[in-house]
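Residue numbers start from 1 in every chain, and the chains themselves are labelled A, B, ... in the order their sequence lines are given, proteins ahead of strands.
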Amino acid sequence: MLNLHDTATGTVRPLLQRQAGKVSIYACGPTVYDLPHLGHGRYVLVWDVLRRYLVAQGLEVTFVSNITDIDDNIITRAAEEGRSEAEVAAEYERRWFEALELLGVERPDGVPHATEYVETMVALIGRLIDDDVAYTTSDGVYLDTSKVADYGLLAGQPLESLRAGARVDEHAEKRSALDFALWKAAKPGEPTWPAPFGEGRPGWHTECVVMALDLLGEGFDLHVGGQDLRFPHHENERAQAVADGRVFAAHWGHSGWVMVGGEKMSKSLKNFTSLTDLLAQSDARAYRLLCLQAHYRAPVEVTPPTIAQAEATLRRLDNLARRFEVGAIAPTPVVLADHNVEPELLANFTAAMDDDLDTPRAFALVMDAVSAANSAADRGDLDRAHLLAQSVVVLFGTLGLGLDGATVEVDATSAALAAERDAARLERDWARADALRAELEARGWIVEDRDGVTTLGR
RNA sequence: GGUGGCGUGGCCGAGUGGUUAGGCAGCGGCCUGCAAAGCCGCGUACCCCGGUUCGAAUCCGGGCGCCACCUCCA
């Protein structure tokens, strides 16, 4: 049973299921107006790991993640580039999923778009106005947060301090600085939709409530996102559901920051790297591994050196896979019950993961198994070695990390060079043997002597 | 200004009141013709100052530094 930190209660508690055996998850997705950066990559990886782990336990997971395809940033971008909002959104959505595929992130089961749900949003806002929990101003419709019973639940700080700290420009017509826009009245040149309370477009916080409830239903199991969505976005989503008399998410999860030199990576600091760039210049698995080595709620330093360190670790893992000729099983989701994993390792791994997704501990356990597999093989206990090596592959597969140990095709020329080298070695012609090794390496091979025989790998 | 969090060895990064995190890099050894891969060993880490305790990096108080949220943000 997975225990997971719940932002609403501030505790680590069991992730309960509305319906036994099934887990419904909603993850707030990106606003598609630019290339995804490392910050997006992190939250996506964290929740991909959670999802895979639940599947590994034999649970049936429904994972919904939206695309915000209408908002201020998209409008600005479209104007800059002289094309429509829809074109901008379509392009960056495509780029988004390209990057995710390279990261080995499973595609969501449902990908709702905000623009497909405007009518439903209008209906919700209408009800909120009718119920007098929302009010109209000259520039839109706002939710009256004072009428929401436990507003501030996710913010984790007293309402007074939120209000006191509010640096929002005071809006004369807003009843409280905490009230937020459900609907933005039409402005010239912007996309608008009709509504009884005036033409306009939806505010950001409204779409996710409507889409989550539509696709997952009331009381769905888990709502996740990056830390920065906790307040105000998730708070405000929840506020609308509560105000509408609906039961919203049962559990809330939030993932930590990507840091660069001790600072949060963000657009405004201009210290961001796009995922597209990272994936072009490093092993795509390195970022996943780096994220796994840190706890999902803690910040993680992502810089060229830390990525390089992760790549070095991957080499060690790939060496193991090559040595035992055990292949990658990720990115296919793994169901643990279908595989043979060393029992004690499995128990420890599961205990770590069940403890608020303690991937650093799980990772350490599997790395210990890597050493154990190698040393078992060194002392000739091949059965044990293979069981452990296979376990390593399966458990990393559970986390979405594939090991590259596939048997590779060796071309005839390289095979001939290898044979020649072995012959030279038998004749103790070291100079020739070394020259042949250099030649093989120049051809891109990793050359290893295994039982005195030249073995080639990639 | 308000609120929350953090400060671990060269780097990344876990964790617990007393016992090895793990990874990367480094050093020594084994193996090898030499390497590579692998194995073994090593470094005696926990911001500062007090306090509680038989014992604190882990609890409490103070200080310093850093980060985040309160505003679009993963």
Output the rounded distance in Å from [atom1] ([X]) to [atom2] ([N]).
{"X": "A:Asn73", "N": "B:rA74", "atom1": "CG", "atom2": "P", "value": "9 Å"}
{"X": "A:Ile307", "N": "B:rG13", "atom1": "CD1", "atom2": "P", "value": "12 Å"}
{"X": "A:Tyr151", "N": "B:rC70", "atom1": "OH", "atom2": "C1'", "value": "11 Å"}
{"X": "A:Asp283", "N": "B:rC24", "atom1": "CG", "atom2": "C1'", "value": "15 Å"}
{"X": "A:Asp449", "N": "B:rA37", "atom1": "CG", "atom2": "P", "value": "12 Å"}
{"X": "A:Arg297", "N": "B:rC69", "atom1": "CZ", "atom2": "P", "value": "17 Å"}

Can you tell which of [options] lies closest to the side chain of [X]?
{"X": "A:Met265", "options": "B:rG38, B:rA74, B:rC24", "result": "B:rA74"}
{"X": "A:Pro232", "options": "B:rG23, B:rG38, B:rC70", "result": "B:rC70"}
{"X": "A:Ala294", "options": "B:rG22, B:rC39, B:rA14", "result": "B:rA14"}
{"X": "A:Arg437", "options": "B:rG13, B:rC39, B:rC34", "result": "B:rC34"}

*Please determine if a side-chain N or O atom of A:Asn319 lies less than 4.0 Å away from the OP1 or OP2 oxygen of B:rA37.*
no
*At under 4.0 Å, does any side-chain N or O of A:Arg316 touch on OP1 or OP2 of B:rC39?*
yes
_Pairing residues for A:Ser274 by the side chain to side chain contact (heavy atoms under 4.5 Å, CB included) criterion, not counting sequence neighbours_ =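 Partners of A:Ser274 under the side chain to side chain contact (heavy atoms under 4.5 Å, CB included) test: A:Leu35, A:Thr276, A:Asp277.
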For [X], which contact category applies under a 4.0 Å heavy-atom criterion: base, sugar-phosphate, or nothing?
{"X": "A:Asn374", "result": "sugar-phosphate"}
{"X": "A:Ala298", "result": "sugar-phosphate"}
{"X": "A:Gln293", "result": "base"}
{"X": "A:Ser371", "result": "sugar-phosphate"}

Mind listing the residues from [range] sitting with a heavy atom below 4.0 Å of RNA chain B? Number order is fine.
{"range": "residues 32-48 of chain A", "result": "A:His37, A:Gly39, A:His40, A:Tyr43"}
{"range": "residues 353-367 of chain A", "result": "A:Pro360, A:Phe363, A:Ala364, A:Met367"}
{"range": "residues 425-432 of chain A", "result": "A:Arg425, A:Trp430"}

*State which residues pass side chain to side chain donor-acceptor pair (under 3.5 Å) with A:Glu91; sequence neighbours excluded, sorted by chain then number.*
A:Arg83
*Nucleotide forming a Watson-Crick or wobble pair with B:rC66, both distances under 3.5 Å*: B:rG5
*Can you find a donor-acceptor N/O pair under 3.5 angstrom joining the side chain of A:Gln309 to the base of B:rC11?*
yes
*Output every pair passing ring-ring contact (aromatic ring centres under 6.0 Å, His included) with a member in residues 291-325 of chain A, not counting sequence neighbours, ordered by first then second residue.*
A:Trp47-A:Tyr296, A:Phe324-A:His386
_B:rG4 to B:rA74 separation - P atoms, rounded to the nearest Å_ = 26 Å
*Expressed as a whole number of Å, how far does the C1' atom of B:rA37 sit from that of B:rU32?*
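That atom pair is separated by 11 Å.
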For [X], all residues meeting salt bridge (charged side-chain N to carboxylate O under 4.0 Å, His left out), sequence neighbours excluded:
{"X": "A:Asp356", "value": "A:Arg297"}
{"X": "A:Glu439", "value": "none"}
{"X": "A:Arg384", "value": "A:Glu342"}

*Tell me, which pairs form a salt bridge (Lys or Arg N to Asp or Glu O under 4.0 Å) where one or both residues lie in residues 361-376 of chain A, sequence neighbours left out?*
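For residues 361-376 of chain A, and leaving out neighbouring residues, the salt bridge (Lys or Arg N to Asp or Glu O under 4.0 Å) pairs sorted by first residue read A:Asp355-A:Arg361, A:Asp358-A:Arg361.
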*Kindly state each residue pair satisfying salt bridge (Lys or Arg N to Asp or Glu O under 4.0 Å) with at least one member in residues 415-424 of chain A, sequence neighbours excluded.*
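Only A:Glu420-A:Arg432, A:Arg421-A:Asp449 qualify under salt bridge (Lys or Arg N to Asp or Glu O under 4.0 Å).
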*May I ask you to decide if the ring planes of A:Phe248 and A:His223 are parallel, tilted or perpendicular, using 30° and 60° as cut-offs?*
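A:Phe248 vs A:His223 ring planes: tilted.
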*Heavy-atom count around A:Glu441 CD within 6.0 Å, excluding the residue itself: above 12?*
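For A:Glu441, atom CD is crowded (more than 12 foreign heavy atoms under 6.0 Å).
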*A:Phe97 six-ring centre to A:Arg107 NZ/CZ under 6.0 Å and within 45° of normal*: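 Yes, cation above the ring, under 6.0 Å and within 45°.
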Polar atoms only, N or O, under 3.5 Å: list the protein pairs with nucleotides 64-68 of chain B and their distances.
unit_1: B:rA68; atom_1: OP1; unit_2: A:Lys264; atom_2: N; d: 3.3

